[in-house]
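So the structure is just underneath, and the comments pick up after that.
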There are 2 protein chains.
Amino acid sequence: MERRNTPTKEAVLELLVKSGEAMSRDTIEQKITQNINRATIYRVLNRFCEDGVVHKIVAEDGKQYFAVCANCDDKVLSGHHFHFRCIECETIECLPVSVNFSVPNGYQVASVNCVLSGTCKDCSR
Amino acid sequence: MERRNTPTKEAVLELLVKSGEAMSRDTIEQKITQNINRATIYRVLNRFCEDGVVHKIVAEDGKQYFAVCANCDDKVLSGHHFHFRCIECETIECLPVSVNFSVPNGYQVASVNCVLSGTCKDCSR
DNA sequence: TAGTTATTGCGAAATAATCGCATTTATATG
DNA sequence: CATATAAATGCGATTATTTCGCAATAACTA
C-alpha cells in the first residue's frame, strides 16, 4: 500500500500545519475551500495517523481531533504531551507539557490520551 | 430539584461500587438483572456525576465510562488521577496515580481527562 | 501511453447519546 | 391514610459522529 499525493491530502495537511491547533473533521471541512467528502477527510486523517504525520486526540466531547504539532519533534514530548481544550473558544491545542507517570507493576502503556479542559490564555481575560 | 431514591438508581450505584471499575451504559445495561431503559441509565449516571458520586471518563473510543472509585476519597487524587484502558480485556479502571502538570501562564484548568491504554496487569502475562 | 491500484465520492449503516412527551411513582403534607 | 406535586421513567424519535461497501476517478510506474 504505497501512498500517493493528492490535492486533498495536501490541503488537509497544510491546514493542520498552518493552524497549529487540533481540529475535528467538521472544522477541517469548513475551513477548506474546496469540497471534500467527509468520509475522505476521515480516511486522509487516519492515514496520516498511521504514517505518524498527525496525531489524534479524543476530547471530553467524545470527538476525534487531529493535530500536527511542533513539539512532536522533540523526542521528550513525542506523543506524550497534554492537550488543552478551551470551554469558551472550543479550540484544542497541544501544550508543551509532557505527561509523566509511573504505572503499577504489570501494566504496559501503549498510548496516552490526556486532555485538560478550562479556559485558555486568550479567553481567560 | 430534589433527588428521590429509586430501585434503578440503587441498582446502578451498587453495580458500580461493587465492580470497582469504570463501565459504559452498554455494560451497565447488560450486567443489571432488571430491565432499565437506556435513556434512563444515562440520566441516572449524569445525575450521579452532578452530585459528585460518580465520575465520568471519556476513553479513546469516544465512549463515556462511569466509575465510583475508592481513590476519589483521597483528597490528593480526587478527580485528577489516571485511568487505564486495557486493549485486551477492554476494562477501564482508575489508577491510584495522580495527574501532575503545570500549565503555561494564563491557562485555567477546570477538569482533567487522562486515559492510558495498553495491557493491564492481568492481561500482561 | 497504458495499466495497476491507491484514492475519492456517494449513500447507507452502525453506534452513541440526547430529547420530547406521556406515564409512573417517590415523597411530603394535610 | 389519602392526595398533591414534581422527580423519575419508558418509549420512540432524533441528532451527531464515524465507518463501510462499491463504483468511479486519478496518481504513479513501466
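Within every chain, numbering begins at 1; the chains are lettered A, B, ... in the order of the sequence lines, protein sequences first and strands thereafter. Only a predicted model underlies this, so the values are computations on that prediction, with no experimental measurement involved.
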Report summary line: Asn37(A) CG to dA12(C) C1', in whole Å, measures 13 Å
Query raised in the report: What's the spacing between Tyr65(A) OH and Leu45(A) CG if we round to 0.5 Å?
Result: 13.0 Å
Query - Protein-nucleotide distance (Glu60(B), atom CD; dT15(C), atom P), rounded to Å - result: 20 Å
Query raised in the report: Would you say dA7(D) has OP1 or OP2 under 4.0 Å from some side-chain N or O of Thr6(B)?
Result: no
Report task. Take atom NZ of Lys63(B) and atom P of dA14(C), then tell me their distance rounded to the nearest Å. Result -> 16 Å
Report task. Take atom CG of Leu45(B) and atom P of dT18(C), then tell me their distance rounded to the nearest Å. Result -> 10 Å
Query - Under 3.5 Å donor-acceptor pair, Arg3(B) side-chain atoms to dA7(D) base atoms - result: no
Query - Shortest non-hydrogen separation from His83(B) to Ile57(B) and the atoms involved - result: NE2-CG1, 3.4 Å
**Report entry** Along DNA chain C (nearest heavy atom to each residue), the more 5'-positioned of Tyr42(B) and Asn5(B)
**Finding:** Tyr42(B)
Query raised in the report: Going by modelled atom types, is there a donor-acceptor pair between the base of dG10(D) and the side chain of Arg43(B) at under 3.5 Å?
Result: yes
Query raised in the report: Looking only at side-chain N and O atoms, does Thr40(A) come under 4.0 Å of OP1 or OP2 in dG9(C)?
Result: yes
Query raised in the report: Okay, side chain of Lys9(B), backbone of Arg4(B): is any donor-acceptor separation there less than 3.5 Å?
Result: yes
Requested in this report: Look at Arg85(B) together with Glu93(B) and state whether they make a salt bridge at an N to O cut-off of under 4.0 Å.
Outcome: no
Report task. Remember a base hit wins even if backbone is also touched, and classify Arg38(A) as base, sugar-phosphate or nothing at under 4.0 Å, heavy atoms. Result -> base
Query - Arg47(B) or Asn46(A), whichever maps to the more 5' nucleotide of DNA chain D - result: Arg47(B)
Requested in this report: Examine distances only and state if a side-chain atom of Asp51(B) and a backbone atom of Val53(B) form a donor-acceptor pair shorter than 3.5 Å.
Outcome: no
Report task. With heavy atoms under 4.0 Å as the rule, sort Asn35(B) into base, sugar-phosphate or nothing. Result -> sugar-phosphate
Report task. Measure up the Tyr107(A) and Phe84(B) rings against each other and bin them: parallel (under 30°), tilted (30 to 60°), perpendicular (over 60°). Result -> perpendicular
**Report entry** For atom CD of Glu10(B) and atom C1' of dA26(C), their distance in whole Å
**Finding:** 12 Å
Query raised in the report: If you count the non-hydrogen atoms of other residues, nucleotides and ligands that lie under 6.0 Å from CZ in Arg38(B), is the total more than 12?
Result: no
Query - For DNA chain D, the residues among residues 18-29 of chain A that have a non-hydrogen atom under 4.0 Å from it - result: none
Query - Distance in angstrom units between Lys9(B) NZ and dT25(C) P, rounded - result: 16 Å
Report task. Write down the distance between CZ (Phe48(A)) and P (dA6(C)), rounded to a whole number of angstrom. Result -> 17 Å
Query - Nucleotide dA7(D), atom C1' - distance to CZ of Arg4(B) in whole Å - result: 4 Å
**Report entry** Thr8(B) side chain near dT9(D) phosphate (N/O to OP1/OP2, under 4.0 Å)
**Finding:** yes
